[in-house]
Amino acid sequence: QVQLVESGGGLVQPGGSLRLSCVVSGFTLDYYAIGWFRQAPGKEREGLLCISSEAGSQYYSKSVKGRFTISRDNVKNTVYLQMNALKPEDTAVYYCAAVFTGYGSMLCPQGDDYKYWGQGTQVTVSS
């Protein structure tokens, strides 16, 4: 059974940092692309970054480039979203999602192509 569980959200002051974790089970990261997305109240879901099955990263959003990075630990079956220089507009529920792309693929699909989603973790940036 495929599962993704996010954690690490919380309240942080502007300029601060958080690291979100996405622990996956039921599949191997070497065969799946993992994306991070967010949704703020009243706004559409926004794609942020993706890490492909061959571990290359790709930004979906220019608004986080230079501040957010994505990485993974295959041993821990975990994908991380490191968020630095956080701004109030980063406040949202953050989700990780997975899609099968095959072994060693560079592909980072579009958001609607992701098949498996976590339950989300709330990030609030406020003083």
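Defined by atom type and a distance below 3.5 Å, a donor-acceptor pair is missing between the side-chain atoms of Ser126 and Thr124.
Hydrophobic clustering (side-chain heavy atoms under 4.5 Å, transitive across Ile, Leu, Val, Met, Phe, Trp, Tyr) groups Tyr103 together with Tyr116.
Every residue two or more places apart in sequence or in another chain was checked for a side chain to side chain donor-acceptor pair (under 3.5 Å) with Ser71, and none qualifies. In this view, Ser127 and Pro14 satisfy the side chain to side chain contact (heavy atoms under 4.5 Å, CB included) rule, not counting sequence neighbours. The salt bridge (charged side-chain N to carboxylate O under 4.0 Å, His left out) test applied to Glu46 returns Arg38, not counting sequence neighbours. Taking the side chain to side chain donor-acceptor pair (under 3.5 Å) definition, one finds that Tyr114 meets it with Tyr60, sequence neighbours left out. When the salt bridge (charged side-chain N to carboxylate O under 4.0 Å, His left out) test is applied to Asp113, no partner is found at least two apart in sequence or on another chain. Residues meeting the salt bridge (charged side-chain N to carboxylate O under 4.0 Å, His left out) test with Arg19, sequence neighbours left out: none. Applying the side chain to side chain contact (heavy atoms under 4.5 Å, CB included) test to Val23 and every residue at least two apart in sequence or in another chain returns Thr78.
Distance alone, capped at 3.5 Å, places no donor-acceptor pair between the Ser105 side chain and the Gly102 backbone.
Counting only heavy atoms from C-beta outward, the side chains of Asp112 and Arg45 approach each other to under 4.5 Å.
A salt bridge (Lys or Arg N to Asp or Glu O under 4.0 Å) check over residues 7-17, counting only residues at least two apart or in different chains, returns nothing. The list of disulfide bond (SG atoms under 2.5 Å apart) pairs with a residue in residues 87-127, not counting sequence neighbours, reads Cys22-Cys96, Cys50-Cys108. Sorted pairs that involve residues 117-127 and meet salt bridge (Lys or Arg N to Asp or Glu O under 4.0 Å), not counting sequence neighbours, are lacking altogether. The stretch residues 66-75 participates, sequence neighbours left out, in these salt bridge (Lys or Arg N to Asp or Glu O under 4.0 Å) pairs: Asp30-Arg72, Arg67-Asp90. Among residue pairs with one or both ends in residues 75-101, those qualifying as ring-ring contact (aromatic ring centres under 6.0 Å, His included) are Tyr32-Phe100; sequence neighbours excluded.
When each of Leu4, Ile51, Leu20 is paired with Val79, the side chain to side chain contact (heavy atoms under 4.5 Å, CB included) condition holds for Ile51 and for no other.
The two atoms that bring Val5 and Gln119 nearest to each other are CA-OE1, 3.8 Å, heavy atoms only.
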Starting from the C-alpha separation in whole Å, work towards a yes-or-no answer on side chain to side chain contact (heavy atoms under 4.5 Å, CB included) for Leu86 and Phe68. CA-CA 9 Å; Leu86 283 161; Phe68 292 10; 3.8 Å; yes

Can you check side chain to side chain contact (heavy atoms under 4.5 Å, CB included) on Gln122 and Thr91, steps first, answer last? CA-CA 8 Å; Gln122 175 71 46; Thr91 296; 4.0 Å; yes

